[in-house]
Amino acid sequence: MPVADQPLLKLTNVHKRFYLPGRQILRAVNGVSLELAAGECLAIVGESGCGKSTLARLIARVEPVSEGEIHFAGEPIMGLRGDSLRALRRKMQIIFQDPISEFSPRMKIGEFLREPFLNFSLLSKKDAGEKALSLLASVDLSESFAQRYPHQLSGGELQRVAIARAIALDPLLLICDEPTSALDVSIQERIVRLLGDLRQSSDISLLFISHDLTLVSQLSDRIAVMYLGYVLEQFPSPMLVGGARHPYTKALYASTFRVEAERGQGIEVLGGETPSAIDLPAGCPFRLRCPEAEPACGQSVPPLREISPGHFAACVKC
């Protein structure tokens, strides 16, 4: 259980390096430090390839950490093995971008939802079946879905079933790795609303990974912006409009479609190409695309520092 006055999740200087042929090193995550309080939703956003999904996999122990520390509920989790790692799986669940990959085509939805209770020997088969029906109801699906196979469901329905499975064992943390990116806009809104309802009805914490700043602002309490494996800015979600300070965050927000935008206000596409994570630029990782870059930006990587209460930025000009 979470320790009082301590974050539920704490990352300290976390790195992830992938070693490639030819002695090349892909630096996917670079010195990330984050905290997530119990009951909070932290969104991690950025363009494709920024390292946000890799970070999610490190936290969920799908990938090992190259350097740094991750603490969950006050305990380090990097070295967990066997039964200890299995126990962690009950407290921390992850929802992936492509829900169909989580399903066996031969397994009915009811069997899929019963499985966690049977695997952990928590309920009898009969009671697990009743719990599966309750889980379907919790994500606005009828009992008839228990008798269907995955190919008989739409993408949005499959994602709701994946969410039902993830919350089956009452985890403390739910990691959502781009859970809406493959869905229509109307279904995205429904999934986000469902996750918001889950937060209201339980003490669950959410780590929501996305490339869509405007989408995550509807759900999250705080936002962390990643680029080339670095966190460039962190701030409370209400500060997104008008309060963001880092040039990358402002460019990312300007490039998104917003319903509330004024008539005639266009979408500003961020220019330039993202550098390779195999050959990171010197200094600020964003400087080669930054419209405000100056010579000092190339000297060293700016530290993430607090520029106002709860607002952190890694920029020499912020």
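Nearest heavy atoms, Leu228 versus Pro275: CD2-O, 3.3 Å. Looking at every heavy atom in both residues, Pro302 comes nearest to Ala314 through O-CB, 3.5 Å. Between Leu135 and Ala164 the shortest heavy-atom distance is CD2-O, 3.6 Å. Nearest heavy-atom pair, Ala166 versus Pro171, reported as atom, atom and distance to 0.1 Å: O-CG, 3.3 Å. Nearest heavy-atom pair, Pro150 versus Pro105, reported as atom, atom and distance to 0.1 Å: CD-O, 4.2 Å. Residues Leu58 and Pro64 approach most closely at CD2-O, 3.4 Å, considering heavy atoms.
Here the side chains of Leu34 and Gln234 are in contact, with some heavy-atom distance below 4.5 Å. Using a 4.5 Å heavy-atom cutoff, the side chains of Ile109 and Glu157 are not in contact. Taking the side chain as every heavy atom from C-beta outward, Ile70 and Leu9 approach each other to under 4.5 Å. Between Leu172 and Phe72, the closest side-chain pair of non-hydrogen atoms falls below 4.5 Å. A heavy-atom distance below 4.5 Å is not found between the side chains of Phe96 and Ser53. Using a 4.5 Å heavy-atom threshold, the side chains of Thr249 and Ile223 count as separate.
Crowding of Gln218 atom CD: a count of heavy atoms from other residues, nucleotides or ligands under 6.0 Å exceeding 12. A 6.0 Å sphere centred on NZ of Lys250 holds more than 12 heavy atoms belonging to other residues, nucleotides or ligands. More than 12 heavy atoms of other residues, nucleotides or ligands lie within 6.0 Å of CD in Glu306, so this atom counts as buried by the packing criterion. The environment of Asp203 atom CG is sparse: at most 12 non-hydrogen atoms of other residues, nucleotides or ligands sit within 6.0 angstrom.
The hydrophobic clustering, which links ILVMFWY residues whose side-chain heavy atoms are closer than 4.5 Å, places Phe120 and Leu123 together. A continuous path of Ile, Leu, Val, Met, Phe, Trp and Tyr side chains, each step under 4.5 Å between heavy atoms, connects Val225 with Val241, placing both in one hydrophobic cluster. Residues Val29 and Val62 fall into different hydrophobic clusters, defined by Ile, Leu, Val, Met, Phe, Trp and Tyr side chains chained together at heavy-atom separations under 4.5 Å. Connection of Tyr149 to Ile100 is not established within any shared hydrophobic cluster, with ILVMFWY side chains joined at heavy-atom distances below 4.5 Å, either directly or through further cluster members. Hydrophobic clustering (ILVMFWY, side-chain heavy atoms < 4.5 Å, transitive): Leu280 and Ile25 are in distinct clusters.
Leu136 contributes atom CG, which lies 13.0 Å from atom CZ of Arg165 (distance to the nearest 0.5 angstrom). From Thr54, atom OG1 reaches atom CG of Leu26 across 8.5 Å, with rounding to the nearest 0.5 Å. Rounded to the nearest 0.5 angstrom, Ser33 OG and Leu304 CG are separated by 8.5 Å.
Relative to the ring axis of Tyr230, Arg27 does not place its NZ or CZ within 45° and under 6.0 Å from the centre.
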Inset, instruction - List the steps, then state whether side-chain contact (heavy atoms from CB on, under 4.5 Å) holds for Val45 with Phe208. - result: CA-CA 8 Å; Val45 299; Phe208 195 94; over 6 Å; no

Inset, instruction - Could you please spell out the steps behind the side-chain contact (heavy atoms from CB on, under 4.5 Å) verdict for Arg57 and Lys16? - result: CA-CA 10 Å; Arg57 294 170 69 86; Lys16 178 59 181 178; over 6 Å; no

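Phe112 pairs by the ring pair (Phe, Tyr, Trp, His ring centres under 6.0 Å) definition with Phe103, not counting sequence neighbours. For Glu294, the side-chain contact (heavy atoms from CB on, under 4.5 Å) test picks out Ala296, Cys297, Val316, Lys317, with sequence neighbours left out.
Under a 4.0 Å N-O distance rule, the pair Asp221/Arg199 qualifies as a salt bridge. Using a cutoff of 4.0 Å between basic side-chain nitrogens and carboxylate oxygens, Arg245 and Glu233 are not scored as salt-bridged.
Under the 30°/60° scheme for interplanar angles, the aromatic rings of His246 and Tyr248 are found to stand perpendicular. Between Phe286 and Tyr227, the ring planes lie perpendicular to each other; the angle is over 60°, past the 30° to 60° tilted range.
Of the candidates Glu178, Lys52, Glu47, His211 forms a side-chain hydrogen bond (donor to acceptor under 3.5 Å, both in side chains) with just one, namely Glu178.
Membership of an apolar cluster is not assigned to Ile307, as no side-chain contact below 4.5 Å to another ILVMFWY residue is traced.
Remark: the backbone N or O of Leu80 is not paired with any side-chain donor or acceptor of Ser84 at under 3.5 angstrom. Within the 3.5 Å criterion, the main-chain N or O of Arg89 finds no donor-acceptor partner in the side chain of Arg61.
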